[in-house]
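Contents: one structure, followed by commentary.
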Amino acid sequence: MVANYDEVMKLALERGFYFPSCEIYSDAPAGFWEYGPRGVNMKNKFIELWRRELVRRDDMLEIDGCQIMSKSVFVASGHIGNFTDPVIKCRKCGSSFRADRYITEKTGENVLERMAEEEIKALIKKHNLRCPNCNGEFGEVSKFNMMFPVGIGPAAEEAYLRPETCQTIFVDFARVFKTMRGRLPMGIAQVGKSFRNEIAPRQSLLRLREFYQAEIEIFCNPDRLNEMPKFEEVKNTVLRLFDGSSIIEVTAEEAISKGLTPNKLITYYLALLIEFYDKIGIDVKRSRFRNLSVDEKAFYASVAFDFEVETSIGWLELVACNYRSDYDLKGHASTSKQNLEVLDSATQSKVLPHVFELSMGIDRSIYAILEHCYYKDEQHDDRVVLRLKPYLAPILVGILPLMTKDGLDQKARRINSELKYDFDTFYDESGSIGRRYRRLEEIGTPFAVTVDNTTMQDDTVTVRHRDTMQQERINISDLHQYLHKALGRR
RNA sequence: GCGACGGUCGUCCAGUUUGGUCUAGGACAUCAGAUUGCCAAUCUGGUAACCCGGGUUCAAAUCCCGGCCGUCGCACCA
């Protein structure tokens, strides 16, 4: 039984995964959401697996940069120029439109991305364009920048909240490469918040104004994109590639030989990404890499694959995989007047690295995992089971006394005390045993340890499995090892 | 941002049409007690809400205006 958005939303609100920010105030703006206790735990575990399966596996370097950055950064990155849309507003009914698109649609005239406001105005006048809704006259052309400005210090020096975490990586690149004795290709990773003043934030975690990204920027020599010994590790990994009409399943090796992906470096990282999402609990059979067409790509990307998963509200983009070439380093080099070239030790030549990025949306990923793991068990009174991987579950194990007498509760409390420093545990004695099992499985707890009368005689407990409802009896002294193993730890 | 519709306990809903026993009701969830003792059991009791601001009126959950939020459509989406 497949979940829908409303069911996931209800579970998230009722069980403390996430909820609207500032909700006790009526002027709370849209597009801001908080993680509750269960959500933040799950998010932390998501990031831990990201570190393990991408950052450590590939020997990347992680940094943690500032969220407020100087204006120059965004002049260099192109956000000051490109992150704005020209908007025209009807004087009569107030409807607003993207000026460039509207003019092109109505007149066929090509409107350049950087066309000045005066020129746009002239075009409207020339063709006598009016509002399609009420035939009213258009007012001034305005530019809406989606970055949040901030004023630094008493003089309110112009700066911005970063609209993407990667800019920190680019401006830090030279120092990190030097001090960490970098070699190309080199990955720099970062988890952090980004901020975009969305016009219409919607659907809770899916379209936020303040959101988490986990970003990886691979700095590479563009002449050596097929020199990738590590590629052997992933050559049999299956990629599902979508060309706009159908999904083709191929191994990483086949993707290259058939020309579906451009080179080994990009293909290697697409494969790492899909392996990560498989381990995190996404049903990868319901995912695809969408090869973006020319007009869909961001202004800085020359090759772009969006990693998308199928949900009840359609295909949802979780990761943008962009080959940004030297767009960013070139921009920062010329704006800052710093030389950002590095020596590629393999060729002993100076090179301005190109960049391939994996830009993951954490919040959207959390939503997608919840939806893919949500299961309504029709065999057992429609019990709701969140079938999260053990290493992602907010609570790993519930510790339950069968009843609160004959010392069973004290015994269970002692077991909880012994385990809680190493695992996320939850002690619960309230309500019938069946009710307590149901509450645990609803937040994805894979195991429930029950203390019964037999425990008092031989120090064994039952371990109940969330998905099968089967129980096994094991020694209390083996519990630690048992849970350790269940987490897949070494 | 525009348009349509909507906003009542944690959740879902009743009450708004026709202002007045609404001191706002129910179910689920939750808490306490009793009973039971391995899969949402039963009984008793409790906690808990009219989105915010203004207006009309003797009287507003109910009517009017503004704001905020939500759903859908358009537009936008690095």
Side-chain angles (χ1 to χ4, degrees), chain A residues 5-7 9-16 19-32 36 77-79 82-85 87-90 92-99 101-102 105 131-134 142 144 146-147 162-167 194 196-204 206-209 211 213 215 292 296-301 304 306 313 317 320 322 324 327-328 357 359 361 377 379-384 400-406 408 430-442 448 450-454 461-462 464 466 469-471 473:
Chain A
Y5 176 81
D6 291 334
E7 289 171 316
M9 192 66 210
K10 185 178 170 189
L11 180 68
L13 280 173
E14 282 185 341
R15 297 300 176 198
F19 46 87
S21 180
C22 309
E23 63 178 338
I24 62 170
Y25 288 101
S26 66
D27 64 348
F32 298 92
S77 71
H79 286 91
N82 286 323
F83 215 51
T84 51
D85 297 328
V87 174
I88 40 174
K89 196 168 180 177
C90 171
K92 200 167 143 199
C93 72
S95 308
S96 55
F97 304 88
R98 265 284 290 270
R101 298 202 177 192
Y102 187 70
E105 183 194 321
C131 173
N133 295 346
C134 70
S142 58
F144 178 70
M146 292 177 72
M147 284 192 294
R162 60 183 180 190
E164 51 184 16
T165 49
C166 60
Q167 292 308 324
S194 292
R196 294 178 192 172
N197 200 358
E198 293 282 354
I199 298 172
R202 267 182 205 181
Q203 287 169 319
S204 61
L206 306 187
R207 195 92 168 275
L208 294 162
R209 286 183 163 132
F211 59 100
Q213 289 185 300
E215 280 202 311
L292 267 61
E296 287 176 311
K297 283 185 290 206
F299 60 83
Y300 46 69
D306 276 355
I313 48 173
E317 178 194 338
N322 295 308
R324 301 174 72 121
Y327 178 91
D328 302 279
E357 76 171 356
S359 173
D377 185 353
Q379 304 295 311
H380 298 96
D381 335 295
D382 284 348
R383 68 180 184 132
V384 171
L400 321 170
L402 189 59
M403 49 192 170
T404 53
K405 58 185 185 194
D406 301 334
L408 297 192
S430 147
S432 75
I433 191 72
R435 177 179 292 265
R436 283 177 276 162
Y437 289 148
R438 298 289 160 99
R439 275 197 296 242
L440 284 169
E441 58 204 16
E442 204 181 13
T450 307
V451 171
D452 56 19
N453 283 315
T454 313
V461 289
T462 59
R464 174 188 183 269
R466 174 193 67 197
M469 299 170 71
Q470 299 296 308
Q471 287 179 308
R473 190 163 271 283

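In the text below, chain A, chain B and the rest are named by the order of the sequence lines, each starting its count at 1. The analysis underlying the following values was restricted to heavy atoms, covering all of them including side chains, and did not include hydrogens, waters or symmetry mates.
For B:C68, its base never sits under 3.5 Å from the side chain of A:Tyr25 at any donor and acceptor pair. Side-chain to base pairing of A:Arg464 with B:C39: one donor and one acceptor N or O lie within less than 3.5 Å of each other.
Between A:Thr450 and B:C38, a side-chain N or O to OP1/OP2 separation shorter than 4.0 Å is absent.
Residues passing the salt bridge (charged side-chain N to carboxylate O under 4.0 Å, His left out) test with A:Arg464, sequence neighbours excluded: A:Glu441. Qualifying side chain to side chain donor-acceptor pair (under 3.5 Å) partners for A:Arg202, counting only residues two or more places apart in sequence or in other chains: none. Partners of A:Asp306 under the side chain to side chain contact (heavy atoms under 4.5 Å, CB included) rule, at least two apart in sequence or in another chain, are A:Arg290, A:Leu292, A:Glu308, A:Glu317, A:Ala320. For the side chain to side chain donor-acceptor pair (under 3.5 Å) test, residues two or more places apart in sequence or in another chain that qualify with A:Gln213 are A:Thr165, A:Ser194, A:Ser359. The side chain to side chain donor-acceptor pair (under 3.5 Å) check on A:Arg324 picks up A:Glu164, A:Asp328, A:Glu357, with sequence neighbours excluded. With sequence neighbours left out, A:Glu14 forms a side chain to side chain contact (heavy atoms under 4.5 Å, CB included) with A:Lys10. For A:Asp381, the salt bridge (charged side-chain N to carboxylate O under 4.0 Å, His left out) test picks out A:Arg438, with sequence neighbours left out. With sequence neighbours left out, the ring-ring contact (aromatic ring centres under 6.0 Å, His included) criterion links A:Tyr5 to A:Tyr367. Take A:Phe19 and apply the side chain to side chain contact (heavy atoms under 4.5 Å, CB included) test, not counting sequence neighbours, and it matches A:Leu13, A:Glu23, A:Glu34.
The separation of B:G19 from B:U62, taken at their C1' atoms, amounts to 6 Å, rounded to a whole angstrom. Comparing the P positions of B:A48 and B:C5 gives a spacing of 36 Å, expressed to the nearest Å. Separation of the P atoms belonging to B:U71 and B:A32 is 35 Å when rounded to the nearest angstrom. Nucleotides B:C69 and B:U23, compared at atom C1', are 30 Å apart to the nearest Å. Spacing of P atoms, B:G54 relative to B:U11, comes out at 25 Å, to the nearest Å.
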Per-nucleotide protein contact along nucleotides 69-74 of chain B, 5' to 3', at a 4.0 Å heavy-atom cut-off (B base, S sugar-phosphate only, - neither), is SSSBBB

Protein heavy-atom contacts under 4.0 Å, written 5' to 3' over nucleotides 26-35 of chain B as B (base), S (sugar-phosphate only) or - (none), form the string ---SSS----

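Base contact: A:Gln471 has a heavy atom under 4.0 Å from a base atom. Within the nucleic acid shown, A:Leu402 comes within 4.0 Å of at least one base atom, counting heavy atoms only. Note on A:Asp452: a base of the nucleic acid sits closer than 4.0 angstrom, heavy atoms only.
Per the geometry, CZ belonging to A:Arg436 stands 11 Å off P belonging to B:A41, to the nearest Å. For the pair A:Arg207 CZ and B:G1 C1', the computed distance is 12 Å after rounding to whole Å. We find that CG of A:Asp381 is positioned 7 Å from C1' of B:A40, with the value rounded to whole Å. At whole-Å resolution of the value, NZ in A:Lys10 and C1' in B:U11 are 5 Å apart.
Where RNA chain B pairs in unbroken runs of 3 or more (Watson-Crick or G-U, both distances under 3.5 Å), the stems are B:1-7 with B:68-74, B:10-13 with B:25-28, B:30-34 with B:42-46, B:51-55 with B:63-67.
Nearest heavy-atom pair across A:Gly78 and A:Tyr327 is CA-OH, 3.8 Å.
Side-chain contact between A:Arg466 and A:Leu440 is absent, with no heavy-atom pair separated by less than 4.5 Å.
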